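As the structure is a computational prediction, the values presented were derived from the model and not from experiment. As the structure lists them, so they are numbered: ligands from 1, and atoms in each ligand from 1.
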Amino acid sequence: MKTTLPPGCAYRRDRLWLEEVPLEEIVRDAGTPLYIYSRARILENYQRYDEGFAGLAHQVLYAVKANSNAALIALLARAGAGADIVSAGELHRARRAGVPAQKIVFSGVGKRPDEIRAALEAGILMFNVESIEELQAIDRAAAALHKAAPVAIRVNPDVDAMTHDHITTGKKENKFGIPISKALPVFHLAARLPRINLLGAHVHIGSQIMTTRPYVETLNRILKLADTLEDQGVTLRYLDLGGGLGVRYKNEEPATPKQLAKDIAKALRNRNITLLLEPGRYLVADAGLLATRVLYRKDVGSKHFIVVDAAMNDLARPALYDAYHAVFPLHAGKGKRITADIVGPVCESGDYLARQRVLPLPEQGDGLVVATAGAYGFVMGSQYNSRPRPAEVLVHGNRWTVIRDRETLDDLVRGEHIPSDW
Ligand code: LLP
């Protein structure tokens, strides 16, 4: 089956372009490995998500963890998105990129006291609270600052999102949220604690979810809980449905935001509740490419290895989750077609970007792009093997600009100290 080209990409006279720029030009100037993002695609994805939910009171909060480059957060913030953050670092990034505090929610199972304080001081919309002890810690921190702390309780609905094990979060054996069977007293505690302002409920059941069914099931369980609470005098204003909608890496057909909105609309009718949505991957994954160059080719008899200059430290998803990312040559090759593993220079057999791919045998120095790398790509990168992290570039029509410099060798050792007499 032929894999479709990434959105905004086309071959023109055998050269791969993104929007109105030949990728070879960017790669020649900015070097490899290199992350390249399409501004138009990110905005399109955001618009599609936001408009999909147009019939329901809602606010889209970009899950910054998917790609936290300042330029991308700022782009989405200007388009109207808020931010879903999971650390003081992400709070810092979101505020710096211009996200209003009142459009920020703070998720995560392990918020530190200093992180709670920073978020209270910033005046965020709410904390998504994952345990009784966290709730108590937030109450104490709010008292110390003479503030009220807005919260939602994250409920674990025990629904299977039918996705990869490592990114399933809504089953009762996962570490996330408060089991739905034990949630009622926690909502009541939140309603009672003096400094806590209980605003809603939060769920996030997983990532790369392909159908609307697990969302509908989750929503039904949460609304039942909300009804019980209402009967007991506790009203929820917000329902945070989390993120998780999938994208196409190969030839999947994930549900669209519009379908999701349609499938949950009925259950929400006549309810005075504002939905919060935390998409990450959906907004940025297919707007990003990882460009790399071929260093060496090896024919080991049973197959070929194409050794490239990007590695698992730059894009960890294949090594971590055995994830599939399509690969395209910058020059539509006419060479003989081979089956190859595309691997990086890191000293581990798990260091590969793609396996068993049929492609025209590239020449040394030829450029390739790894597709759908905009989410959980750069952000999960490391300097493993002392490899400086790649630069990042944003394409806008026929222009492009560096939005993060390539790290230097000095960046690798910044902050390290050799004790002089030990
Ligand atoms: N909200 C919360 C509370 C989350 O934990 C996440 C993702 C999101 C929203 C955004 O989910 P998304 O819309 O991007 O699916 N590194 C993995 C994905 C980890 C997702 C973690 N949580 C991967 O590369 O597939």
**Request:** Give every residue pair that meets the salt bridge (charged side-chain N to carboxylate O under 4.0 Å, His left out) criterion with at least one member in residues 105-117, sequence neighbours excluded.
**Result:** Lys111-Glu134, Arg112-Asp114
**Complete:** The ring-ring contact (aromatic ring centres under 6.0 Å, His included) partners of His325 (sequence neighbours excluded) come to Tyr249
Which pairs of nitrogen or oxygen atoms, taken one from ligand 1 and one from the protein, are under 3.5 angstrom apart?
unit_1   : atom_1 : unit_2 : atom_2 : d
ligand 1 : 1 (N)  : Asp84  : OD2    : 3.2
ligand 1 : 1 (N)  : Glu278 : OE1    : 2.6
ligand 1 : 5 (O)  : Lys65  : NZ     : 3.2
ligand 1 : 13 (O) : Gly244 : N      : 2.8
ligand 1 : 13 (O) : Gly280 : N      : 2.9
ligand 1 : 14 (O) : Arg281 : N      : 2.7
ligand 1 : 14 (O) : Tyr376 : OH     : 2.6
ligand 1 : 15 (O) : Ser207 : OG     : 2.4
ligand 1 : 15 (O) : Gly244 : N      : 3.3
ligand 1 : 16 (N) : Tyr321 : OH     : 2.8
ligand 1 : 24 (O) : Arg317 : NE     : 2.6
ligand 1 : 25 (O) : Arg281 : NH1    : 3.3
ligand 1 : 25 (O) : Arg281 : NH2    : 2.8
ligand 1 : 25 (O) : Arg317 : NE     : 3.4
ligand 1 : 25 (O) : Arg317 : NH2    : 3.0

**Message:** Measuring only between side-chain heavy atoms, which start at C-beta, is Gln208 closer than 4.5 Å to Leu245?
**Reply:** no
**Asked** How many angstroms lie between CG in Leu289 and CZ in Arg41, if you round to the nearest 0.5 Å?
**Response** 11.5 Å
**Asked** Hey, mind stepping through Leu125 and Phe106 against side chain to side chain contact (heavy atoms under 4.5 Å, CB included) and telling me if it holds?
**Response** CA-CA 8 Å; Leu125 175 61; Phe106 191 173; over 6 Å; no
N/O donor-acceptor pairs under 3.5 Å from side chains in residues 137-147, not counting sequence neighbours:
unit_1 : atom_1 : unit_2 : atom_2 : d
Asp139 : OD1    : Arg195 : N      : 3.0
Lys147 : NZ     : Leu120 : O      : 3.2

